Amino acid sequence: MIETEDMVVTRTAYDEVAELYTSLFRRQLQDNPFDRLMIDAFAETVRDNGIGPVADIGCGPGRVTGHLAAAGLEMTGLDLSPEMIRLARELYPDIPFEVGPMERLPFEDAALAGIVAWYSIIHIPPARVPAVLGEFARVLRPGGHALFGFQAADEPTGVTEYAHKVAPAYRWAPDTFAETLADNGFRATAKFFREARPDERTPQGMVLAVRV
């Protein structure tokens, strides 16, 4: 696969801040009950749907991967940044982690029971998001579930550029993201929008979807 310029920029930027990022966000889930609620709901939904592997795509240092493994899911993690994967392997040595892009996943067709893309798809230019979702749909078995987290757009519909502190990113309105999912092999089953916390610059959105 030929790397795009934005992939190189994103990987390089996260490599440079990997240690700081890991330190700053180590307690993010413990301190945020709403995000934890959605992640735990995803875990319960996957467990209720049958046993199978789950991939955390854009896993960073593995905090969500580790949380879901502790909840009983069979986890693996994938990230574009080698430094993030190095840290994830140190923090969670019992979980397999790999370096790679979300545009070409190292899984067979219908191999996964679940996918998490927690604040990782934000770095994909909107024009390429349908292809990424198509790749997610390829590796996720029918009836499998996917959870997405992202900075939410201020408007009820649309996508806007976002001055992310690490790499270029985009904010999605949850309804718009759900519509994009519907065009690419998924059906949204839950949409969540919350106001920004004092330490955040934007509202946040989350969408839980099922592979149709």
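Fair warning: this is a prediction, and the values are worked out from it, not measured in the lab.
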- Task: Could you grab the distance from atom CG of D56 to atom CD1 of I115, nearest 0.5 Å is fine?
- Result: 10.5 Å
- Query: Between T10 (side chain) and D6 (backbone), is there a donor-acceptor pair under 3.5 Å?
  - Reply: yes
- Look at the side chain of R194 and the backbone N and O of Q204, then say whether any donor-acceptor pair between them is shorter than 3.5 Å. no
- Message: If we count only N and O atoms by modelled type, under 3.5 Å, do the side chains of Q28 and D35 hold a donor and an acceptor together?
- Response: yes
- Message: Does either side chain, that of T157 or that of D175, offer a donor lying less than 3.5 Å from an acceptor on the other one?
- Response: no
- Message: Just verifying a value: how many Å separate T180 OG1 and F148 CZ, rounded to the nearest 0.5 Å?
- Response: 10.5 Å
- Would T202 and E200 count as having a side-chain donor-acceptor pair, cut-off 3.5 Å? no
- Message: Looking only at side-chain N and O atoms, does Y162 offer a donor or acceptor that is under 3.5 Å from a partner on H123?
- Response: no
- Query: Do any N or O atoms from the side chain of R141 and from the backbone of D109 form a donor-acceptor pair under 3.5 angstrom?
  - Reply: no
- For the side chain of R36 and the backbone of L29, is there at least one donor-acceptor N/O pair under 3.5 Å apart? yes
- Message: If you count every heavy atom of other residues, nucleotides or ligands that lies below 6.0 Å from I51 atom CD1, does the total exceed 12?
- Response: no
- Measure from the ring center of Y119 to the ring center of F150 and say whether it is less than 6.0 Å. no
- Task: Mark yes or no for whether T22, through its side chain, and P61, through its backbone, hold a donor-acceptor pair below 3.5 Å.
- Result: no
- Query: For the residue pair H164 and Y14, does the interplanar ring angle fall in the parallel (under 30°), tilted (30 to 60°) or perpendicular (over 60°) class?
  - Reply: tilted
- Message: For the backbone of C59 and the side chain of D79, can you confirm whether one donor and one acceptor N or O come within less than 3.5 Å of each other?
- Response: yes
- Item | E5 atom CD: more than 12 heavy-atom contacts under 6.0 Å | no
- Item | R171/E155 salt bridge by N-O under 4.0 Å criterion | no
- Does the D15 side chain pair with the main chain of E83, one donor and one acceptor, at a distance under 3.5 Å? yes
